[in-house]
Amino acid sequence: MEENATVWEVFIQSKNGLAHKHAGNVHATDKVMALENARELYTRRNEGSCIWVVKSEYIVSSETEDGEAFFDPSNDKMYRHPTFYTMPEGSKHI
Amino acid sequence: MNETKFQERIDAEKKIEPKDWMPDAYRKHLIRQISQHAHSEIIGMQPEGNWITRAPSLRAKMILIAKVQDEAGHGLYLYSACETLGVSREDLVQQLHDGKAKYSSIFNYPTLSWADMGAIGWLVDGAAIVNQVSLQRTSYGPYSRGMVKICKEESFHQRQGYEIMAEMAKGTAEQKAMAQDALNRFWWPSIMMFGPQDSDSPRTGNAMKWKIKRQTNDSLRQDFIDKTVGQAEVIGLTIPDPDLKWNEERKSYDFGEMDWEEFWNVVNGNGPCNKQRLAHHKKAHDEGEWVRIAAKEYAKKQQLAAN
Amino acid sequence: MSSLFTYTLRIADSSLILGQRMSEWCSKAPTLEEDIALSNISLDMFGQASGFYEYAAQLDGTKSADDLAFKRNEREFFNHQMVEIENGHFGNTIVRNFLHDAFNFLFYNALASSKDETLAALAAKSLKEVKYHLRHSSNWLIRLGDGTEVSNKKVQDSLNEIWQFTGELFEMDKIDTKLLNCGIAVDNSSLKEEWDTIVNKTLSEAKLIRPNDTYMATGGKKGMHTEYLGFILAEMQFLQRAYPDAKW
């Protein structure tokens with residue numbers, strides 16, 4: 001049987017200035033084909049100004065089991081947010 | 001992560017993502033449902049693709065091509081979502097070819113006239129929309145996001161179909177007859193798209209518990225009928241159901257009994273086009289093999305040259 | 001029929017027939033991604049055809065773009081014969097498209113400087129699309145030519161068969177010359193050198209052998225076609241011909 005195609009993850013920048021967003025995947029045998037396939041599949045309605053493709057095998061993901069250790073500690077450090085601070089009444093531009 | 005924690009997440013309307021623990025049965029159910037959905041989109045390209053070369057105007061032709069290529073795109077979003085569950089697109093296609101996977105039986109009906117393009121867009125895509133809008137809230141993340149994308153694109157499909165029916169219904173006598181004939185042939189198969197009645201649907205229990213499905217078959221079917229009857233009236237076509245009647249108490253339409261023998265026949269492989277649809281898909285796949293192999297070989301050579 | 005009308009029709013006809021051929025690939029491509037790519041090319045071609053037919057209809061004053069596409073007979077079509085060739089296998093389509101895309105790229109690039117503003121605008125728009133088509137067909141020709149022995153043989157055979165249709169692309173007849181002198185038309189013969197450069201470079205990368213120029217098919221501009229065109233039109237025009245009073 002034929003071997004499986006290579007899977008590539010696709011990231012689209014919809015408008016100049018915005019960040020690329022993950023759109024899904026495409027199958028392709030080389031990077032040129034991957035870019036073109038991504039263009040065909042994900043930008044038919046003017047949704048793109050730039051495309052990135054990355055072989056899926058190169059994506060590294062955090063693990064769900066590590067979720068608590070990775071992300072919970074930042075939940076109780078409200079002093080990182082400007083809303084934590086009370087400013088003197090009448091003060092401007094701060 | 002165990003079954004209890006998993007169900008808690010589901011009940012709290014949290015999304016399950018590819019790396020999360022999930023019961024084996026949940027994974028299997030999703031693979032079956034998503035891949036069937038994907039296969040349906042791809043097989044659906046055939047009955048509609050049938051009229052591309054004969055579309056009666058430049059505009060109609062371009063619109064139909066755009067619609068059918070959207071279906072290919074939808075199939076791809078869905079295969080892509082399914083692959084996150086640990087199965088390859090190639091395996092899914094093999095299952096389809098081996099007769100181990102199903103697809104929506106509506107696509108086992110032939111498209112006999114141009115008006116069928118109208119009927120399919122209006123009714124079949126219309127039914128798909130009712131189903132897909134509901135599925136936007138499905139519990140599995142990649143499937144839910146795929147549905148949101150698909151729903152955005154699907155409304156043009158329904159409008160394209162309804163526009164064709166509306167124009168034909170107010171056209172020449174022959175056009176109106178053609179449109180009515182298409183409606184007559186596609187009405188019942190369209191409402192059968194929602195599947196067996198709830199009482200005959202064994203998998204509905206789990207699907208609802210795990211929030212894979214958000215509404216039952218009968219509920220979605222009723223939604224679709226309630227939305228569509230008025231649309232037929234507006235363009236002057238008659239729905240071929242003598243028992244169709246507004247029920248003031250339920251605030252819904254009562255409708256006639258479906259032909260369940262026909263339904264199960266078509267689902268089980270004995271519809272007018274079942275063999276043809278699969279054969280076409282296999283043929284395209286087989287004829288393209290040398291191309292796929294050549295492309296891989298070329299890529300290998302390039303890699304070697306680069307290293 | 002004015003010269004400008006005929007000239008515009010020629011461009012429209014080639015786009016239409018190639019678009020029709022490409023639309024036949026729907027649900028039959030080697031991969032789903034490629035199915036979408038081929039339909040996109042088809043849509044581009046029909047878009048180009050519509051643009052040029054609209055202009056031709058304007059020039060004529062009595063017919064619509066659809067009338068021109070759906071109600072003319074075989075001998076009234078002026079497309080290049082090359083675009084009528086059957087799709088055949090995927091490699092055959094790629095070879096046919098590559099040879100035509102390379103021409104179209106140079107042709108539209110030149111036409112974009114036409115003194116006729118409408119033709120120039122249509123050409124500029126089409127050029128963007130054709131750049132992508134040429135990229136697509138070139139890359140695939142290289143993959144197939146430099147893929148496996150099987151794929152190389154298939155596309156080499158296609159190239160050998162289709163080569164006879166390339167001569168017609170560079171012909172100039174009285175209408176071409178007349179409009180060229182007005183600064184409207186393109187000097188097709190002047191495009192040959194650059195076309196050779198593009199083609200030779202890609203064929204070399206694709207490990208393919210350029211066929212010798214022997215017999216060259218001709219006649220598209222005079223409404224002389226391959227036997228394929230009749231069948232293409234019969235299928236395409238059927239509904240409009242069967243229901244002459246209907247509006248679609």
Side-chain angles (χ1 to χ4, degrees), chain B residues 38 41-66 68-73 75-76 79 89 93 113-114 164 167-168 170-172 174-175 178 280-281 283-285 287-302, chain C residues 16 19-40 42-43 46-47 49-50 53-54 64-66 68-70 89-91 94 139-140 142-152 154-155 232 235-243 245-248:
Chain B
E41 299 282 355
I42 303 309
I43 298 291
M45 293 169 71
Q46 291 183 41
E48 292 188 277
N50 189 32
W51 279 89
I52 286 176
T53 53
R54 289 174 292 174
S57 73
L58 290 169
R59 180 178 180 269
K61 208 192 275 283
M62 289 189 278
I63 288 174
L64 185 57
I65 294 172
V68 176
Q69 75 174 180
D70 267 0
E71 309 300 6
L76 281 170
Y79 283 131
R89 192 199 297 180
V93 168
S113 77
W114 172 252
I164 290 176
E167 285 303 301
M168 290 185 74
K170 67 176 202 242
T172 65
E174 282 172 310
Q175 282 178 302
M178 203 193 285
H280 176 119
H281 193 270
K283 179 167 187 265
H285 187 83
E287 285 180 354
E289 192 181 32
W290 71 273
V291 176
R292 295 188 298 270
I293 291 177
K296 283 186 193 117
E297 194 53 41
Y298 175 77
K300 277 204 191 105
K301 288 192 211 173
Q302 295 304 295
Chain C
L16 179 75
Q20 182 77 353
R21 277 301 191 209
M22 292 310 285
S23 74
E24 292 169 14
W25 271 107
C26 188
S27 80
K28 300 180 180 137
T31 65
L32 278 175
E33 284 88 349
E34 198 54 34
D35 214 295
I36 299 184
L38 297 176
S39 336
N40 266 347
S42 166
L43 281 174
F46 284 125
S50 292
Y53 280 131
E54 290 290 344
S64 70
D66 275 344
L68 293 171
F70 291 90
H89 58 70
F90 182 71
I94 291 298
N139 287 337
W140 266 112
I142 293 169
R143 285 186 197 109
L144 298 178
D146 191 14
T148 60
E149 265 180 54
V150 165
S151 66
N152 179 283
K154 276 173 135 71
V155 288
I232 294 173
E235 201 172 309
M236 191 182 80
Q237 298 183 339
F238 159 71
L239 276 173
Q240 285 237 8
R241 304 284 195 158
Y243 302 93
D245 302 325
K247 281 211 243 321
W248 299 97

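Every chain is numbered from 1 and lettered A, B, ... according to where its sequence line falls, protein lines coming before strand lines. Just so you know, these numbers come straight off a predicted model, no measurement behind them.
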Evaluate side-chain contact (heavy atoms from CB on, under 4.5 Å) for B/Glu287 paired with C/Phe90, printing each intermediate quantity in order. CA-CA 9 Å; B/Glu287 285 180 354; C/Phe90 182 71; over 6 Å; no
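- Of the two parts of B/Glu174, only the side chain, counted from C-beta on, holds a non-hydrogen atom closer than 4.5 Å to a non-hydrogen atom of chain C.
- Residue B/Leu64 does not touch chain C at all, counting heavy-atom pairs closer than 4.5 Å.
- When the candidates B/Thr53, B/Thr172, B/Ile43, B/Ile65 are compared by the number of heavy-atom contacts under 4.5 Å with chain C, B/Thr53 comes out ahead.
- Heavy atoms of B/Ala55 lying under 4.5 Å from chain C belong exclusively to its backbone.
- Atom-to-atom distance recorded for B/Trp114:CH2 and B/Met168:CE is 9.0 Å, nearest 0.5 angstrom.
- With respect to chain B, the highest number of heavy-atom pairs below 4.5 Å among C/Asp35, C/Leu43, C/Val150 belongs to C/Leu43.
- The residues B/Arg292 and B/Glu289 are annotated as not salt-bridged, no charged nitrogen and carboxylate oxygen being separated by less than 4.0 angstrom.
- For NZ of B/Lys283, the number of neighbouring non-hydrogen atoms (other residues, nucleotides, ligands) closer than 6.0 Å is 12 at most.
- A pairwise comparison of heavy atoms in C/Leu38 and C/Trp25 identifies CD1-CG, 3.6 Å as the closest pair.
- Listed options B/Ala299, B/Ala294, B/Ala284, B/Ala295 were ranked by heavy-atom pairs under 4.5 angstrom with chain C; first place goes to B/Ala294.
- What you find for C/Phe70 and C/Met236 is that their closest heavy atoms are CE2-O, 3.3 Å.
- Note on C/Asp245, C/Thr31, C/Asn40: by heavy-atom pairs under 4.5 Å with chain B, the leading option is C/Asn40.
- The side-chain hydrogen bond (donor to acceptor under 3.5 Å, both in side chains) test with C/Ser27 singles out one residue from B/Glu71, B/His281, B/Gln46, B/His280, and that residue is B/His280.
- Residue contact with chain C, scored on non-hydrogen atoms closer than 4.5 Å, involves the backbone and the side chain of B/Ala72 alike.
- Both the backbone and the side chain of C/Asp146 come within contact range of chain B, with heavy atoms under 4.5 Å apart.
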Criterion side-chain contact (heavy atoms from CB on, under 4.5 Å) on C/Leu16 and B/Leu58, from CA distance to verdict: CA-CA 9 Å; C/Leu16 179 75; B/Leu58 290 169; 3.7 Å; yes
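- In terms of heavy-atom pairs under 4.5 angstrom with chain C, the leader among B/Arg59, B/His285, B/Glu167, B/Arg89 is B/Arg89.
- Both the backbone and the side chain of C/Ile142 come within contact range of chain B, judged by heavy atoms closer than 4.5 Å.
- Each of B/Gln302, B/Lys300, B/Lys296 was scored for a side-chain contact (heavy atoms from CB on, under 4.5 Å) with B/Tyr298, with one residue passing: B/Gln302.
- Only the side chain of C/Tyr243 comes within less than 4.5 Å of a heavy atom in chain B; its backbone stays farther off.
- Interface summary for chain C: among B/Ile293, B/Leu76, B/Val68, the most heavy-atom pairs under 4.5 angstrom belong to B/Leu76.
- For the set C/Glu149, C/Arg241, C/Glu33, the count of heavy-atom pairs under 4.5 angstrom toward chain B peaks at C/Glu33.
- When heavy atoms are compared at a cutoff of 4.5 Å, C/Lys247 approaches chain B solely by way of its backbone atoms N, CA, C and O.
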Can C/Tyr53 and C/Asp66 be said to form a side-chain contact (heavy atoms from CB on, under 4.5 Å), step by step? CA-CA 8 Å; C/Tyr53 280 131; C/Asp66 275 344; over 6 Å; no
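- For a residue to count as touching a neighbouring chain, one of its non-hydrogen atoms must lie under 4.5 Å from one of that chain's; by this rule C/Glu34 does not touch chain B.
- In this structure a side-chain-to-backbone donor-acceptor pair under 3.5 Å is missing from C/Glu235 to B/Arg54.
- Residue C/Asn152: no heavy atom, backbone or side chain, is found under 4.5 Å from chain B.
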